Student: 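I have a structure here, written as structure tokens, and I will follow up with some questions on it.
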Amino acid sequence: MNHWLVKSEPGTYAWADLVKGRRTAWTGVRNYQARLHLRAMQVGDPVWFYHSGAPKEIVGLARVLRSAYPDPTAAHGDWVCVDLAPIKTLPQPVSLAAIKTDRVTRDMVLVKNSRLSVQPVTAPQFEGILRLGGCLPE
DNA sequence: GCCAACGTTGGC
DNA sequence: GCCAACGTTGGC
């Protein structure tokens, strides 16, 4: 199982929208590197949901409901999307500042390449966010 | 609002 | 195929 992170501008599509909708097709990705990651996603993979812009923080955990299939919003080109469903809202959102400070999470792609909209997350980084988000006993 | 980083485009 | 110019993204 692999772990992932997707970004969204809360003004465009927020975590609350996913919680409310119960599922969504993660469409509109038009970047080759991001597409590679979309294609590697498997059903059940955990996905962190990050709000870019303001406030910049990881707010919830989703999972892959359906693996890559052709993006219906792409008029041209070979683009794909996946379906996501919410698992849980973090008790404590994890801010970008906190992610940059923490020894385990500061090497995340989110910090290194903030522009990549679909990113891989290592197992230790995944657990680091769980910890910072208040999901693990101290 | 500014600017750095990144990706894409187009001229050569 | 290279690279300069440009547009976009996103943190600050």
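Quantities reported herein were computed from a predicted structural model and do not represent experimental measurements. Throughout, protein chains are lettered first and strands after them, A, B, ... in sequence-line order, and every chain is numbered starting at 1.
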Student: In terms of side-chain geometry, is the basic nitrogen of A:K112 or A:D107 positioned less than 4.0 Å from the acidic oxygen of its partner?
Tutor: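 Yes, A:K112 and A:D107 are salt-bridged.
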
Student: For a quick test of reading the model: is some side-chain N or O of A:K56 closer than 4.0 Å to OP1 or OP2 of C:dG10?
Tutor: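 For C:dG10, OP1/OP2 do not have a side-chain N/O of A:K56 under 4.0 Å.
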
Student: Expressed as a whole number of angstroms, how long is the span from A:K7:NZ to B:dC6:P?
Tutor: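 Interatomic distance, NZ of A:K7 to P of B:dC6: 12 Å.
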
Student: When the distance from CD of A:E57 to P of C:dC12 is rounded to whole Å, what number comes out?
Tutor: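 That distance rounds to 14 Å.
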
Student: Send over the distance from A:N31 CG to C:dT8 P, rounded to a whole Å.
Tutor: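 Roughly 15 Å, once rounded to whole Å.
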
Student: Kindly say if A:Y50 contacts the phosphate of C:dG11, meaning a side-chain N or O under 4.0 Å from OP1 or OP2.
Tutor: yes

Student: Name the closest nucleotide to the A:S52 side chain, picking from C:dC12, B:dT8, C:dG10.
Tutor: C:dG10

Student: Tell me, please, which residues at least two apart from A:Y50 pass ring pair (Phe, Tyr, Trp, His ring centres under 6.0 Å).
Tutor: none

Student: Among residues 113-122 of chain A, which ones have heavy-atom contacts with DNA chain C below 4.0 Å?
Tutor: A:S114, A:R115

Student: Roughly, in whole Å, what's the span from CD in A:Q33 to P in B:dG7?
Tutor: 6 Å

Student: Has A:Q119 got a side-chain atom pairing as donor or acceptor with A:L116's backbone, closer than 3.5 angstrom?
Tutor: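 Yes, the answer is positive, given that a donor and an acceptor are paired below the 3.5 Å cut-off.
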
Student: Okay, side chain of A:D102, backbone of A:I99: is any donor-acceptor separation there less than 3.5 Å?
Tutor: no

Student: From CD1 of A:I99 over to P of C:dG11, roughly how many Å is that when rounded to an integer?
Tutor: 10 Å

Student: Ignoring hydrogens and geometry, is there a side-chain-to-backbone donor-acceptor pair from A:N31 to A:S117 under 3.5 Å?
Tutor: no

Student: Using the rule side-chain contact (heavy atoms from CB on, under 4.5 Å), only one of A:P10, A:P86, A:P93 pairs with A:W15; which is it?
Tutor: A:P86

Student: Looking at A:L110, is its backbone amide N or carbonyl O close enough to the side chain of A:S114 to form a donor-acceptor pair, meaning the two atoms are under 3.5 Å apart?
Tutor: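 A pair under 3.5 Å: no.
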
Student: Using whole Å, report how far CE of A:M108 lies from P of C:dG10.
Tutor: 15 Å

Student: Measure the distance from CD1 on A:I58 to P on C:dG11 and round it to the nearest whole Å.
Tutor: 12 Å

Student: Nearest whole angstrom, please: distance from the P of C:dG11 to the CZ of A:R106.
Tutor: 19 Å

Student: Can we say A:D78 and A:R39 salt-bridge, meaning some charged N sits less than 4.0 Å from an Asp/Glu carboxylate O?
Tutor: yes

Student: Is atom CZ of A:R30 surrounded by more than 12 heavy atoms (other residues, nucleotides or ligands) closer than 6.0 Å?
Tutor: yes

Student: So for the helix from B:dG1-C:dC12 to B:dC12-C:dG1, with five pairs setting each end axis, what is the inter-axis angle to 10°?
Tutor: 10°

